[in-house]
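Sending over a structure as C-alpha cells; questions will come in a sec.
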Amino acid sequence: MKYSIFSLARAALSGHKNWKPTWRDAAPKDRYDVIIIGGGGHGLATAWFLASEFGIRNVAVLEKGWIGSGNAGRNTTIIRSNYGLPGNTGFYELSMKLWERMEQDLNYNAMVSQRGVLNLYHSDAQRDAFARRGNTMRINGIDAELLDQAALRKMLPFLNFDNARFPVQGGLLQRRGGTARHDAVVWGYAHAASELGVDIIQNCEVTGFTRDANGKVTGVETSRGKIGAGKVGMAVAGSSSRVAAMAGLRLPIESHVLQAFVSEAIKPLIPGVMTFGAGHFYVSQSDKGGLVFGGDIDGYNSYAQRGNLPVMEDVCEGGMALIPMIGRVRLLRQWGGIMDMSMDGTPIIDKSPVDGLYINAGWCYGGFKATPGSGFVFAHLLARDQSHKEAARFRLDRFQRGAMIDEKGQGAQPNLH
Amino acid sequence: MGGDQTNRLTSGGLIDRSAALNFRFDGKTFSGFKGDTLASALVANGVKLVGRSFKYHRPRGILTAGSEEPNALVELRSGARREANTKATTAELYEGLEAASQNRWPSLSFDVMSVNQLFAPIFVAGFYYKTFMWPAKFWEAIYEPAIRRAAGLGRAAKVSDPDHYDKAWAHCDVVIAGSGPAGLAAALAAGRSGARVILCEEDFVLGGRLLADGGTIDGLSAAEWVARTVAELSAMPDVRIMTRTTLFGVYDGGTYGAIERVNDHLPVPPEHQVRQRLWRIVAKRCVVAAGAIERPIVFAGNDTPGVMMASAMRSYINRYAATPSRRIALFTNNEDGWRTAETAIAAGLQVAAVIDARPDVSPAHRSLASKGGFPVLHGAISGVDGGKGGVRKISVALTGGARAEVEADGLAVSGGWNPAVGLTSYHRGRPKWRVDIAAFVPDGAPPGMVAAGSANGAFGLGACLREGFEAGAAAARDAGRSGNIGSMPVADDDAFSITPLWHVAGKGKAFVDQQHDVTASDVELAQREGFQSVEHLKRYTTLGMATDQGKTSNVAGLAIMAAVSGKSIPETGTTIYRPPYVPVAIGAFAGHHRDENFHATRLTPSHHWAAEQGAIFVDTGLWKRAQWYPRAGEKDWLESVTREVKAVRSGVGFCDVSTLGKIDVHGPDAGAFLDRVYINAFSSLAVGKARYGLMLREDGIVYDDGTTSRLAEDHYFLTTTTAKAGLVMQHLEFCRQVLFPELDVQLTSVSDQWAQFSIAGPKTRDLLKVIVDPAEDLSNEGFPFMGAREVGLRGGIKARLFRISFSGEMAFEISVPARYGEAMARNLMIAGKPFGVTPYGTEALGVMRIEKGHVAGPELNGTTTAGDLGLGKMMSTKKDFIGRVMAGREALVSPNRQVVVGIKPTDKARRLRSGAHIIPKGETPGPGNDQGYVTSVCFSPVLDQWIGLGLVERGRERIGEIVRAHDPLRGEDYDVELCNSVFYDPDGGRQRG
Amino acid sequence: MRIVCPFCGERELGEFTYLGDAKPQRPAADAGEDAFYDYVYLRDNVAGVMNEHWYHGGGCRAWLKVTRNTLTHEISAVEPAAGVGAAKVGA
Amino acid sequence: MADFSWDVRSPLDRALVAGSYGAQGDAGVALTEIRNFDLVQVMARRGKAAEMAKAAQARFGVAAPETPKAVGTADATLIWSGPDQFLVLSRGGKHTMDSLAPVFAGSTSLSDQSHARALISVSGDKARAVLAKLSSIDLHPDVFGVGAAAATSMDHTSVTLWRGADRADGQAVFNLLVFSTFAESLWHTILDSAAEYGATIGHSEELM
C-alpha cells in the first residue's frame with residue numbers, strides 16, 4: 001500500500017487498524033528464476049533491482065533469521081562516495097546517486113541525510129593524500145572540497161585545534177555524504193520488492209547447494225526444504241566464507257569484528273559525519289540524538305559479534321582527542337558486527353568458479369554505503385551474466401592477476417584495511 | 001515555597017538530618033539532607049513533575065528509585081560540566097547542586113512541544129518512515145532539522161570537559177556485582193575462604209534492597225547485619241569494597257569493566273583527583289548479585305506523575321524518609337507489592353485501596369486491610385485521572401465487570417520482578433523463562449560467571465543469602481581458595497506468588513516504554529505491520545532503546561507482542577543484551593589519553609638542544625622532529641628551508657636522523673637471513689661496507705627501504721624508515737621465528753641506543769677532521785663511499801661512521817650512544833663553526849632527497865613495486881626472497897603502470913602541489929585519462945623552481961613530454977614537464993667525491 | 001581477551017599483535033604463482049577452533065601459535081613459534 | 001685543537017624536577033631515576049642456551065634467569081628479557097660490552113642497551129596504586145614477589161619491570177627500564193598517575 005501523510009491521516013481515523021504488513025512474509029515455492037541468499041540490505045536491494053530494472057520478478061530472498069539481522073542493522077549508517085582508486089570511485093558514486101533517489105524509488109523514508117562527510121587531516125602528508133583523493137573524485141564528477149584549518153575553525157569550533165597531540169589542520173569534505181536510517185533501508189527495499197512480487201522468506205537458513213551432473217548449481221537446500229533456482233546469488237556478509245564453502249570454494253576473505261557505539265540521545269551537537277585522521281574514531285549524530293561512533297576493527301578473526309575493551313578505549317580516546325566536549329556524554333550501547341574483510345580491502349562481485357553461483361562479498365566495514373549500488377550491479381550481473389562497468393574491477397581473479405584495489409596500501413593483511 | 005521539605009517524614013531514614021544541603025531545580029531553591037539522591041530530595045519537597053517525555057512531551061514524574069529510571073532525567077551541573085540525561089534517582093545530593101529538567105520549552109509546566117500530543121494519532125510507531133518524502137528536498141531542508149531539534153533529550157556541554165579521568169587495572173579471584181543480601185553473603189564466603197575479592201556497589205551505601213525493605217538476618221535487624229558484615233569484610237586485607245562503582249560489562253578472558261564515580265558526589269573533584277575512574281578488573285570468577293528490577297503494569301495513564309513503582313515508594317519512605325504522596329493506592333499482581341501498603345501504614349500514611357489483579361490475597365493482608373481500613377479491590381486499573389499536577393483519581397475495572405473509583409494522590413504499582421539479566425547475557429547468552437515467577441532468569445552466562453539471589457530469580461531474603469553465600473564459596477573454591485567459610489547468614493523466606501498481568505486494555509495511552517513514548521498500541525501496530533521479531537519490534541518502535549536500556553519496559557513489551565501474535569513469551573524471546581549495564585561517560589574510557597596526552601611522544605637525543613635553537617618541530621608518527629630552524633628576519637618557512645639547503649650544498653650542515661629504525665642483526669646466518677628479507681644480496685657485503693636495501697611484502701609490493709652495514713662477519717646494523725621501524729622489527733622477528741627457524745640469527749632493536757646524525761655538504765670531511773680522532777683516515781681512499789666502521793672521537797668516545805648520502809652531497813652519518821646525542825650536536829656546531837655549519841631540519845632533508853630523486857613515504861605508499869620506483873634491477877635473480885614470486889604477476893609487471901618520474905612546471909614561477917593529477921595535454925580530464933599524480937614536491941634552490949616526483953603511467957618513457965597538472969580541488973591547472981627524477985648531480989659525482 | 005604467553009604468563013590483549021591463520025605454509029621457492037596465491041590470499045576463515053599467529057610485541061617479542069575459537073574467543077592452547085626455541089636445539 | 005667534552009645527559013634530565021609533586025602531605029610514592037648504568041642484552045645463539053648458561057654462571061656466580069625473574073649478584077642484576085636472553089644491569093663501567101664480549105664469545109650475541117633505556121624506581125605505600133594505572137600486571141605481593149620480573153608494556157610502550165629488594169622501611173620497590181626516547185613522555189604519565197597520592201621525586205647515580 002502507498003505510504004504518505006494522507007494514508008497516515010486516513011489510517012489514524014481508523015486507529016491504524018488497517019495497515020498491511022510492510023512486506024509479505026512468504027513461504028518458499030519450489031523454484032525461482034533467481035534466489036538471493038541473505039536478507040540484508042544488499043540482498044534485498046538486489047532483489048528489488050532484479051524486479052524493477054531487469055524485469056526478473058520470480059525471485060526469492062532467503063534470510064536465516066529476520067531481515068536486516070546482519071550488518072544492515074548493525075552499522076554506523078554512513079553513506080559517502082569519497083574513494084580514490086579506479087574501480088571504487090565510480091562504483092560508490094553510482095551508489096550515492098541511487099541513495100539520492102531512494103525514498104522516491106521505494107516509497108519509504110530511509111531518512112537519507114546528506115549532512116556531509118569530513119575526513120580530517122593532521123599533517124602535510126595526509127593533506128597531500130587527501131588532495132590526491134579529492135582530485136580523483138572531482139575528475140570523476142564527484143563533489144569534494146579541501147578545507148584548511150581556518151575554514152574548519154569557523155565550521156566546527158569545537159574540534160581540538162590548539163590543545164591537541166595532533167592538531168587538526170584541515171579536512172576533505174564531501175557535502176553529499178551523510179547518513180541514512182539503516183533499518184529503514186532494509187524495510188524499504190523489502191517493502192518495494194515485495195510489492196513487485198519478490199518472495200521474502202525469513203527463518204530460512206541455507207544449508208547446502210544442489211548441483212547437477214556438471215556441477216552447476218541448481219538450487220539450495222534450506223531449513224525449510226529444497227528450493228530450485230536458475231541462478232543463486234549470495235550476499236551474506238559475515239557468512240561469506242561459510243556459504244562459499246558449501247560450494248567447495250575458498251575466498252580471499254577473513255571475518256573480523258568491528259565494534260560500534262551509540263551514546264545517550266542529546267540535543268543536536270555535531271552537524272555531519274567526521275573522521276579523525278590521527279586515530280581511530282568517526283562519529284555522526286542520529287536524528288534521535290545519539291552520537292553514533294566507531295573506530296578500528298578489533299584486529300583478530302571473529303564470528304562472536306562482540307569486541308573487547310582495548311578497542312573500545314582506543315575509540316573513546318580518539319573521540320576525546322578530537323572533540324573534548326563529549327567527555328561527559330555517556331556511552332549507551334556497544335555492539336559488534338562481523339566484517340568480511342577482503343585481502344585488498346575492496347569487495348568482490350563476480351561469477352564464482354562454480355557455474356550458477358554468483359558472489360557478492362568482502363565489503364569489509366564499508367558495506368552499508370554500497371547497499372543500493374551493490375544491489376544494482378549484482379542484479380545486473382545476475383540478469384545479464386556480465387559485470388556492470390562500474391563493478392568490472394571487483395573481479396575475483398584480480399588477486400591472481402595482481403590487480404588489487406588497495407586504498408590503504410596494506411597488502412594482503414585484512415586486519416590492516 | 002520550596003525549601004520546607006513538606007513531604008519529609010519526621011523520623012527515620014538513612015539520611016543525616018544534621019547535614020542540610022541546598023540545591024536548585026529549574027531555578028528554584030530547595031533543601032535536602034546528606035544521604036539524599038536528587039530524586040529523594042525532590043520527593044521530600046513535594047515535587048511531582050520532573051520531566052517531559054521524548055516524543056509527546058507528556059508530563060512525567062519519578063517512577064523508580066534506581067538506575068532503571070526512565071523519566072526523571074535532568075541536566076546536572078552547568079557550563080562546561082553540564083551532564084545531560086542524568087538520572088535524578090542515582091544523582092547524590094551535594095551542597096549547591098544545580099539541576100534542570102530537559103526536553104521542554106519554555107518551561108517544564110508549560111511546554112509548547114506538548115502540542116505533539118494533539119498529533120499523537122499520527123505520530124505512531126514508525127510514522128516517519130511513511131511520510132516526509134515529498135517534495136524530496138524538503139526532508140533535509142525542513143522535516144529533518146525539525147525532528148532533530150525536537151528529538152534528543154538533554155543538552156551536552158558545548159566546551160571541553162574540564163575534569164580528569166583515569167583508568168586502572170585490578171586483579172582478584174572473585175568479583176561481585178551488587179552488595180544486597182546475596183552480594184554481601186557472597187563476599188563473606190569468598191573473603192573468609194581467603195580469596196581476593198572485589199565487591200562493586202553502584203550505590204553510595206551498601207545493602208541493596210535491605211536499605212528499603214529491612215528484614216531480620218541472624219536475629220539482627222538488616223541494618224545491624226549489614227554493619228556487622230561490612231566491618232568483617234573491611235578487616236580482610238584482600239577484600240576490596242568499591243562503592244559508587246558499577247560493573248558494566250564482561251569481556252573475554254575474565255576481564256570486567258567497571259566505572260567508579262570517584263567524585264560525582266561533589267560539586268567539583270578535589271585538586272589532583274579524577275572525576276571518574278575506569279576499572280579493568282581481571283577476575284577468575286564473577287558473582288552477579290545485581291538484584292532484580294520491579295516492573296510496571298501497562299495501563300491507561302500509567303505515566304501520570306505520582307504513579308511510581310511500589311518498591312521505589314518503599315525506598316523513598318523507608319530509606320529517605322520522604323513520602324511521594326499522602327494517600328496512596330496500590331496496584332499489584334503479586335504478594336511482594338503488598339509490602340508497600342505495610343510500609344505506608346507503618347509510616348502513618350493513608351492507603352486508599354489496594355487493587356490486586358489476583359483472584360485472592362493472603363489472610364495476613366486481608367487483616368492488614370481491615371486494620372488499615374482500606375478496601376481490597378480485585379481487578380485492574382483502567383484509567384488514571386490527573387495531569388502534570390499528579391494522580392487524582394483512579395478508575396478500576398473490577399473482576400466481574402463492575403467499576404470502582406479510588407481517590408488518591410499517589411499510585412504504587414507492582415507487576416512483579418525481573419532479575420537483572422544484563423551482565424549474564426552480554427556474551428549472547430539468552431535468559432530462560434521461569435513460569436513460577438513469570439520472569440526471565442540468567443542462562444548461558446559467560447565462563448566463570450554465576451548469578452545469585454534475586455538476580456537469579458530467588459526473591460526471598462533467606463534464599464538470597466543462601467544463594468549468595470554458596471556462590472561466593474564455590475567461586476573461591478574454583479579460584480583455589482579453601483579457607484573456612486564459617487556459618488551462613490540465615491533469614492526467613494517470604495512467600496512470593498504472582499499472577500502475570502502485563503497490559504490492561506482500555507481507553508487512553510498505556511505506556512510500555514515511558515522514556516520513548518512507546519505505547520501498547522504501538523506494539524500492536526508493529527505486529528500488524530509484520531515487525532514481529534522482537535528485534536524488529538525494538539527497531540521499529542524504539543522500545544527499550546532509551547537511556548534506561550528498557551530495564552522497566554522490555555519484558556512488558558515482548559509480553560504484549562507475544563499476546564497479540566499468539567505466541568508464548570519464551571517463544572517470542574528477548575532482544576540481545578548489550579553492554580554497558582548503565583551508560584558510562586566517554587571521558588572515562590579515554591582516561592588520561594586526551595589532549596596532548598592522547599598518544600605518547602618520542603623525543604630525539606638532540607631535541608632539547610634543537611628547542612634551544614628555536615627549531616620548529618613536526619609530528620612524525622610519535623616523534624617530534626626539528627622541521628626547520630628559523631632565523632631572525634626570515635619571512636617564512638620557505639626562506640629558512642632554502643637557506644638550510646644552500647648551506648648544505650655549498651658548505652656543511654647536519655640533521656638528527658635518530659628516528660630511523662635501527663636493528664642489530666647478529667649471528668652466523670645474519671647474511672643469509674638478510675638475503676631472504678631484502679630483494680638484493682647482503683651475504684656478499686664486505687665487512688666495513690654499507691648497502692641500500694629494499695624489502696617487499698610477500699605480495700610483491702615494496703614494504704620498506706634503508707641502509708644496512710656489515711660491522712663484523714656476524715653482525716649487521718640495519719636501518720629502516722622512521723615510519724616503519726616497529727613494523728619492520730615485527731616482520732623480521734616473524735621471518736626469524738616462523739618462516740626461517742633454521743637460521744642462526746638474533747635481532748635487537750637499537751633504535752634508542754644510538755643518536756644518529758647526517759652530516760652533509762662539500763665541507764663535511766673538513767668538519768669531521770676536527771672532531772674525529774686524527775689517526776682516522778677519512779680520505780676517499782681511506783673511507784670510500786658506502787664505507788662503514790667504528791671511529792674514535794676527540795675526547796675519548798667511540799662512534800660509528802657511515803659514508804652514505806641522502807642529500808646527494810659528500811656526506812657521512814655518524815652515530816654515538818644516545819646520552820651523548822646532545823653533546824654531539826653541540827660539538828658539531830663547535831667543530832663546524834669555521835665552515836659555517838648549519839643545522840637543518842626535515843624540510844631541507846626532504847628538499848634534497850627530492851632534488852636527488854630518492855623515493856620516500858609518498859612513493860613507498862603500499863601499492864608500488866620495485867619497478868615502479870625504478871629499482872627493479874635490484875631484484876636478485878640468484879636467490880629467493882620475500883615477495884619475489886608474487887611480484888611477477890601480470891598486472892604488477894605491466895608496461896602501463898604508473899612509475900616514478902620527475903615533474904616540473906613549464907612556467908618556472910609556478911608552484912607545484914602534491915596531489916595534482918596528470919592529464920595528457922589537450923584532453924578533458926576524466927576517469928579515462930587520469931594518468932597519475934604528483935607525490936612529492938619542493939622548491940628547489942638549485943633549480944630555483946618548484947619540482948616534484950610523481951607516479952605517472954609509463955612515465956619513464958615519456959621524459960620530456962608536456963602534460964597537465966590538474967588540481968580542481970585548489971582550482972589550478974597548468975603545464976608540467978615529465979623529466980628525469982634525479983634533478984641534481986645525476987651521475988652522483990658529488991657524493992662520491 | 002587474555003593470552004597465556006608460554007614465557008611471560010597470562011597477559012592482556014593489548015600486549016599482542018595479530019597476524020592471522022597459522023595454517024598456510026610459505027611454499028618452496030620454486031612452487032610458482034598459484035601456490036603463492038593460495039598462501040598469500042586464500043583463507044579457510046574458520047568459524048570455530050583455529051590456529052593463529054600472534055606476536056607478543058608488548059612483551060617478550062615471541063611469535064606464538066594460539067589455538068582460539070573464533071565463535072567464542074576461547075583460547076585452548078598457546079605454543080611458541082618454531083624458531084623461538086632455537087637456542088635449545090640439540091640441547 | 002682541544003678535545004671535545006662529552007657530557008652525558010639522561011633522557012629525563014630536563015623532565016625530572018627533584019622535590020615533591022601533586023597532593024601535599026605525606027607522599028604516597030617515591031619516584032627515583034637511577035643514572036649511570038651499563039645494560040647489555042645477552043642472547044643465546046642457535047643450540048647455545050646451555051653454553052650461555054654456563055658462561056653466565058661462571059661470570060656472575062649465579063644461574064642466568066630462565067623465567068621472568070631478576071637475579072641479583074654482588075655487582076650486577078640479571079634480568080630475564082625473553083626466551084633464551086637476559087639483560088645484564090650494572091653500575092656504569094662495571095659490566096660493559098667490551099668486558100662481557102670475551103665471556104660470552106661464541107655462544108651468544110650481545111647488544112649494548114646502556115643508552116637505550118632510562119631506569120626509574122617506584123616505591124612507597126601507593127606504588128602499587130600508581131602502577132595499577134600504568135600496568136596490566138598483577139603486582140599483589142603473593143603474585144609478584146621480590147625478584148619477579150616482566151617484559152611488558154605501559155602506555156603502549158615496552159618496558160622491563162621487576163621488583164627489587166624492599167626498602168629499609170619494608171616498602172616494595174618496583175624498577176622500570178623504559179626506552180630512552182619515550183622516557184620523558186612516560187615520566188609525565190607516571191607523574192599524572194601519582195599526583196593524587198603525592199610523590200617525592202629525585203634521582204640517584206647509585207644503582208641499588
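Every chain is numbered from 1 and lettered A, B, ... according to where its sequence line falls, protein lines coming before strand lines. Since this is a predicted model, take the numbers as computed values, not measurements.
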inquiry  = Heavy-atom pairs under 4.5 Å with chain D - which of B/Asp744, B/Val274, B/Leu278, B/Val282 has more of them than the others?
reply    =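 Looking at each option in turn, the highest pair count goes to B/Asp744.
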request  = Determine the option with the most heavy-atom pairs under 4.5 angstrom with chain B, choosing from D/His115, D/Lys133, D/His188.
outcome  = D/His115
Partner chain D: residue of B/Gln746, B/His607, B/His666, B/Lys167 with the largest heavy-atom pair count (under 4.5 Å) =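 Greatest number of close heavy-atom pairs with chain D: B/Gln746.
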request  = Over 60° means perpendicular and under 30° means parallel, so classify the ring planes of D/Phe4 and D/Trp6, tilted if in between.
outcome  =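 The arrangement is tilted - the two ring planes meet at 30° to 60°.
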inquiry  = So for B/Pro668, is it side chain, backbone, both, or neither that comes closer than 4.5 Å to the heavy atoms of chain D?
reply    = both
task = Would you please classify the geometry between the B/Phe717 ring and the B/Trp754 ring as parallel, tilted or perpendicular, with 30° and 60° separating the classes?
result =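 Aromatic pair B/Trp754/B/Phe717 classed perpendicular.
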query = Looking at B/Val750, B/Asn597, B/Thr601, B/Asp669, which has the largest count of heavy-atom pairs under 4.5 Å with chain D?
reply = B/Thr601
key: Heavy-atom proximity to chain D below 4.5 Å, by part of B/Ile663   =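 Looking at B/Ile663, nothing touches chain D.
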remark   = Honestly, the part of B/Glu271 sitting under 4.5 Å from a heavy atom of chain D is neither
key: Interface moiety of D/Ala129 toward chain B, non-hydrogen atoms closer than 4.5 Å   = neither
query = By a 4.5 Å heavy-atom criterion (distance strictly below it), what part of B/Trp279 contacts chain D: side chain, backbone, both, or neither?
reply = neither
message = For B/Asp664, which atoms come within 4.5 Å of any heavy atom of chain D: side chain, backbone, both, or neither?
response = side chain
request  = For D/Met52 and D/Met43, run side chain to side chain contact (heavy atoms under 4.5 Å, CB included): C-alpha distance rounded to whole Å, both residues' side-chain angles, the deciding distance at 0.1 Å, then the answer.
outcome  = CA-CA 8 Å; D/Met52 174 179 78; D/Met43 298 164 286; over 6 Å; no
Best-contacting candidate, B/His715, B/Gln273, B/His593, against chain D by heavy atom pairs under 4.5 angstrom = B/His593
query = Given that the side chain runs from C-beta out, which part of B/Leu622 has a heavy atom under 4.5 Å from chain D: side chain, backbone, both or neither?
reply =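 Side chain only.
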task = Could you tell me which portion of B/Asp238 (side chain, backbone, both or neither) has an atom closer than 4.5 angstrom to a non-hydrogen atom of chain D?
result =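 Side chain only.
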task = Could you check which of D/Leu186, D/Leu110, D/Leu134, D/Val143 has the highest count of heavy-atom pairs closer than 4.5 Å to chain B?
result = D/Leu110
message = Nearest 0.5 Å, please: how far is SG in B/Cys735 from CZ in B/Phe740?
response =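 So the gap between those two atoms works out to 5.5 Å.
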query = Can you say whether D/Ile137 sits under 4.5 Å from chain B via the side chain, the backbone, both, or neither, judging by heavy atoms?
reply = backbone
request  = For chain D, find which of B/Glu596, B/Arg277, B/Arg826 contributes the most heavy-atom pairs closer than 4.5 angstrom.
outcome  = B/Arg277
ask   = chain B heavy atoms under 4.5 Å from D/Arg128: which part of the residue, side chain, backbone, both or neither?
value = neither
task = Flag the pair D/Glu51 and D/Arg45 as a salt bridge only when some basic side-chain nitrogen lies within less than 4.0 angstrom of an acidic carboxylate oxygen.
result = no
ask   = Which one, D/Gln113, D/His156, D/His140, D/Glu196, leads in non-hydrogen pairs under 4.5 Å with chain B?
value =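 Ranked by contacts with chain B, first place is D/His140.
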key: Residue among B/His164, B/His599, B/Glu742 with most heavy-atom pairs under 4.5 Å to chain D   = B/Glu742
ask   = Are any side-chain N or O atoms of B/Asp773 and backbone N or O atoms of B/Arg794, one a donor and one an acceptor, separated by less than 3.5 Å?
value =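 It does not hold such a pair.
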query = Where on B/Arg280 is there a heavy atom nearer than 4.5 Å to chain D: the side chain, the backbone, both, or neither?
reply =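 Neither; nothing under 4.5 Å.
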key: Which portion of B/Ser751 sits near chain D, non-hydrogen atoms under 4.5 angstrom   =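 Neither the backbone nor the side chain of B/Ser751 comes within 4.5 Å of chain D.
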